[in-house]
Amino acid sequence: MKKISLVILAVFIGLSAFAQTPATLRADAVRLASRGYFNKSINCLRQIAVDSLNAEDMHLYYNNFAQLGQNDSLAYWADEMLKSNPYDAQLIVDYTPRLNNGWQGDMGRKSFSKKVIDICKKYVERDSTHILINRQLAEGYYNIGNYDLALQELKKLEAVGDTCFGTLYTLGLTYQRMGDNSTAYDYLYRAYDKNDHHPYCLFMLGIVSNRVGLGAEALSYLDEAKKLLMPDRQTLFRMHKELAEAFKLKSEPDFRLEELQECMRYAEEKDVNELTYLMGQCYFQLKQRDKAKDYFNRFLEATENKEYNDKIKDMRSAAQRNLRMMMW
């Protein structure tokens with residue numbers, strides 16, 4: 001019995017020798033994160049006792065969750081770090097834009113601009129010159145509808161030479177919200193001059209152009225915004241085709257037919273014949289015989305005496321078979 005106990009003790013001592021220390025766990029966590037193994041890096045960090053975590057560990061937690069898009073966990077670690085150091089500029093510059101933009105939660109998409117204001121105001125008590133943090137403070141005020149304070153912060157930024165697209169754009173939006181369309185036009189035009197492919201800037205510039213009586217300009221801005229906001233013809237075709245396939249898998253020919261009709265609006269000539277057959281198939285399933293016959297016949301006429309691949313050949317056979325069935 002004594003020998004068995006000694007063996008067990010030796011094994012235990014041997015295993016303990018291989019147990020990772022916090023230092024080796026930290027090194028592994030950093031190495032894994034640098035190679036893109038973010039979940040594995042987090043698993044290493046979780047083996048370190050919470051009361052032993054240092055600022056670098058928490059930053060690594062934060063960065064790992066940021067890479068994984070796990071916003072609630074990211075926010076937890078950011079808040080923990082800010083409790084001990086509310087002046088961590090590097091963290092605030094990364095964290096507050098995420099809060100201002102918000103993310104999807106159980107109750108829908110939500111932004112956290114009041115939290116941004118609290119974080120930034122605390123930092124500004126010590127350092128009021130950090131442009132990136134002041135931008136987020138202004139954005140936070142704008143997001144909660146406090147346009148007077150947003151304008152105050154934005155004008156401070158402009159005064160120190162911050163005339164990037166984002167600052168000019170938000171200034172334009174703020175003046176527009178406050179009813180000063182002429183000044184809004186000036187700032188939005190300056191923003192547009194820096195980035196003429198931002199659809200929402202073009203859209204708002206079109207709106208304020210109308211408000212100040214520049215109808216021709218408004219038309220050009222709104223038309224360009226529409227082009228940028230709408231998917232291209234090919235993308236719309238593919239999207240409706242995939243929706244039609246999904247409704248086919250759900251055995252819902254009526255909804256499938258609606259999507260195929262949308263496909264036809266964006267189809268190139270090479271796709272029309274196949275769509276015609278598929279629409280005939282839907283009408284056949286819906287027992288609308290006259291329309292089914294019409295579409296099958298149109299398909300057969302369009303593909304007659306032409307070279308076609310095996311797919312079209314199979315469709316022709318199926319269309320002819322369905323037409324024969326409807327004769328009885």
Side-chain angles (χ1 to χ4, degrees), residues 59 62-63 66 71 74-75 78-79 81-82 85-103 110-209 211-212 214 217-218 221 224-225 228-229:
H59 267 287
Y62 174 89
N63 291 331
N71 294 308
L74 167 156
D79 293 343
M81 286 186 279
L82 289 172
N85 181 12
Y87 308 106
D88 185 340
Q90 180 185 356
L91 173 63
I92 294 170
V93 166
D94 187 85
Y95 185 38
T96 52
R98 298 176 189 274
L99 293 172
N100 264 330
N101 292 331
W103 55 77
K110 184 180 179 182
S111 62
F112 306 88
S113 294
K114 288 183 178 179
K115 189 172 181 178
V116 170
I117 293 167
D118 290 341
I119 292 169
C120 292
K121 283 178 68 177
K122 181 71 175 177
Y123 182 89
V124 168
E125 290 173 1
R126 174 180 287 189
D127 175 12
S128 63
T129 64
H130 201 303
I131 285 177
L132 299 180
I133 292 175
N134 289 335
R135 281 181 191 169
Q136 292 308 312
L137 179 58
E139 188 80 15
Y141 282 131
Y142 176 83
N143 287 343
I144 66 169
N146 194 330
Y147 303 122
D148 288 328
L149 286 178
L151 186 59
Q152 180 180 305
E153 296 302 325
L154 289 163
K155 294 300 286 183
K156 287 180 187 175
L157 287 165
E158 185 182 25
V160 296
D162 180 24
T163 55
C164 71
F165 169 82
T167 298
L168 294 173
Y169 176 55
T170 309
L171 271 163
L173 294 180
T174 304
Y175 276 112
Q176 191 271 336
R177 290 286 188 176
M178 297 175 78
D180 186 346
N181 288 299
S182 179
T183 308
Y185 172 86
D186 291 338
Y187 278 106
L188 288 170
Y189 186 84
R190 288 171 63 190
Y192 160 75
D193 200 39
K194 290 180 179 288
N195 181 358
D196 60 3
H197 280 76
H198 190 284
Y200 296 104
C201 181
L202 283 159
F203 179 62
M204 293 307 300
L205 187 53
I207 290 173
V208 296
S209 295
R211 299 292 184 273
V212 298
L214 300 173
E217 275 194 47
Y221 297 138
E224 195 61 33
L228 292 170
L229 286 167

Dump the intermediate steps for side-chain contact (heavy atoms from CB on, under 4.5 Å) on His197 and Asn195, then the final yes or no. CA-CA 6 Å; His197 280 76; Asn195 181 358; 3.9 Å; yes
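- Distance check, rounded to the nearest 0.5 Å: CD of Glu139 to CG of Leu173 gives 8.5 Å.
- Panel note: side chain Ser128, backbone Val124; no donor-acceptor pair is recorded below 3.5 Å.
- Looking at every heavy atom in both residues, Trp103 comes nearest to Leu99 through CH2-CD2, 3.7 Å.
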Pair Leu137-Ile117, side-chain contact (heavy atoms from CB on, under 4.5 Å): steps then yes or no: CA-CA 5 Å; Leu137 179 58; Ile117 293 167; 4.1 Å; yes
side-chain contact (heavy atoms from CB on, under 4.5 Å) for Tyr142 and Leu151? Distances and angles first, verdict last. CA-CA 8 Å; Tyr142 176 83; Leu151 186 59; over 6 Å; no
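- Considering all non-hydrogen atoms of both residues, Ala218 and Gly206 come closest at CB-O, 3.3 Å.
- Judged as a salt bridge (charged side-chain N to carboxylate O under 4.0 Å, His left out), the pairs with a partner in residues 91-101 (not counting sequence neighbours) are, in order, Asp94-Arg98.
- Considering all non-hydrogen atoms of both residues, Asn181 and Val208 come closest at OD1-CG1, 3.7 Å.
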Using the rule given for side-chain contact (heavy atoms from CB on, under 4.5 Å), can you reason through Arg135 versus Thr96, listing the C-alpha separation, both sets of side-chain angles and the distance that settles it, and then say yes or no? CA-CA 10 Å; Arg135 281 181 191 169; Thr96 52; over 6 Å; no
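- Every residue meeting the side-chain hydrogen bond (donor to acceptor under 3.5 Å, both in side chains) condition with Asn100, not counting sequence neighbours, appears here in chain and number order: Ser113, Gln136, Asn143.
- Atom OG1 of Thr183 is separated from atom OH of Tyr175 by 6.0 Å, given to the nearest 0.5 angstrom.
- Not a single salt bridge (charged side-chain N to carboxylate O under 4.0 Å, His left out) links Asp118 to another residue, sequence neighbours left out.
- For Glu125, the CD atom is densely surrounded, since the number of other residues' heavy atoms within 6.0 Å is greater than 12.
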Would you give me the side-chain donor-acceptor pairs under 3.5 Å for residues 153-161, sequence neighbours excluded?
{"from": "Lys155", "atom 1": "NZ", "to": "Glu158", "atom 2": "OE1", "distance (Å)": "2.9"}
{"from": "Lys155", "atom 1": "NZ", "to": "Tyr187", "atom 2": "OH", "distance (Å)": "2.9"}
{"from": "Glu158", "atom 1": "OE1", "to": "Tyr187", "atom 2": "OH", "distance (Å)": "2.9"}
{"from": "Glu158", "atom 1": "OE2", "to": "Tyr187", "atom 2": "OH", "distance (Å)": "3.0"}
{"from": "Glu158", "atom 1": "OE2", "to": "Arg190", "atom 2": "NH1", "distance (Å)": "3.4"}

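- For the pair Arg177 and Tyr147, the cation does not sit on the ring face, since its NZ or CZ is not both under 6.0 Å from the ring centre and inside 45° of the axis.
- For the side-chain hydrogen bond (donor to acceptor under 3.5 Å, both in side chains) test, residues two or more places apart in sequence or in another chain that qualify with Glu217 are Tyr185, Tyr221.
- Atom OH of Tyr200 has 12 or fewer neighbouring heavy atoms from other residues, nucleotides or ligands inside a 6.0 Å radius.
- Residues passing the ring pair (Phe, Tyr, Trp, His ring centres under 6.0 Å) test with His130 are Tyr123, sequence neighbours excluded.
- For the side-chain hydrogen bond (donor to acceptor under 3.5 Å, both in side chains) test, residues two or more places apart in sequence or in another chain that qualify with Lys115 are Asp79, Tyr95.
- Annotation: the span from Leu188 atom CG to Leu171 atom CG amounts to 9.5 Å, rounded to 0.5 Å.
- In this structure Ala191 satisfies the side-chain contact (heavy atoms from CB on, under 4.5 Å) test together with Phe165, Leu168, Tyr169, Cys201, sequence neighbours excluded.
- A 4.5 Å side-chain heavy-atom check between Ile92 and Leu82 finds at least one atom pair inside the cut-off.
- In this structure, the side-chain contact (heavy atoms from CB on, under 4.5 Å) partners of Pro86, at least two apart in sequence or on a different chain, are Lys122.
- For Lys110, the salt bridge (charged side-chain N to carboxylate O under 4.0 Å, His left out) test picks out no residue, with sequence neighbours left out.
- Take Asp180 and apply the salt bridge (charged side-chain N to carboxylate O under 4.0 Å, His left out) test, not counting sequence neighbours, and it matches no residue.
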Assess the residue pair Tyr192 and Tyr189 against the criterion (ring pair (Phe, Tyr, Trp, His ring centres under 6.0 Å)); give the C-alpha distance rounded to whole Å, side-chain angles, the decisive distance to 0.1 Å, and a yes or no. CA-CA 5 Å; Tyr192 160 75; Tyr189 186 84; 5.7 Å; yes
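- Partners of Thr167 under the side-chain hydrogen bond (donor to acceptor under 3.5 Å, both in side chains) rule, at least two apart in sequence or in another chain, are Asp162.
- Taking every heavy atom of both residues into account, Gln176 and Ala184 meet most closely at N-CB, 3.5 Å.
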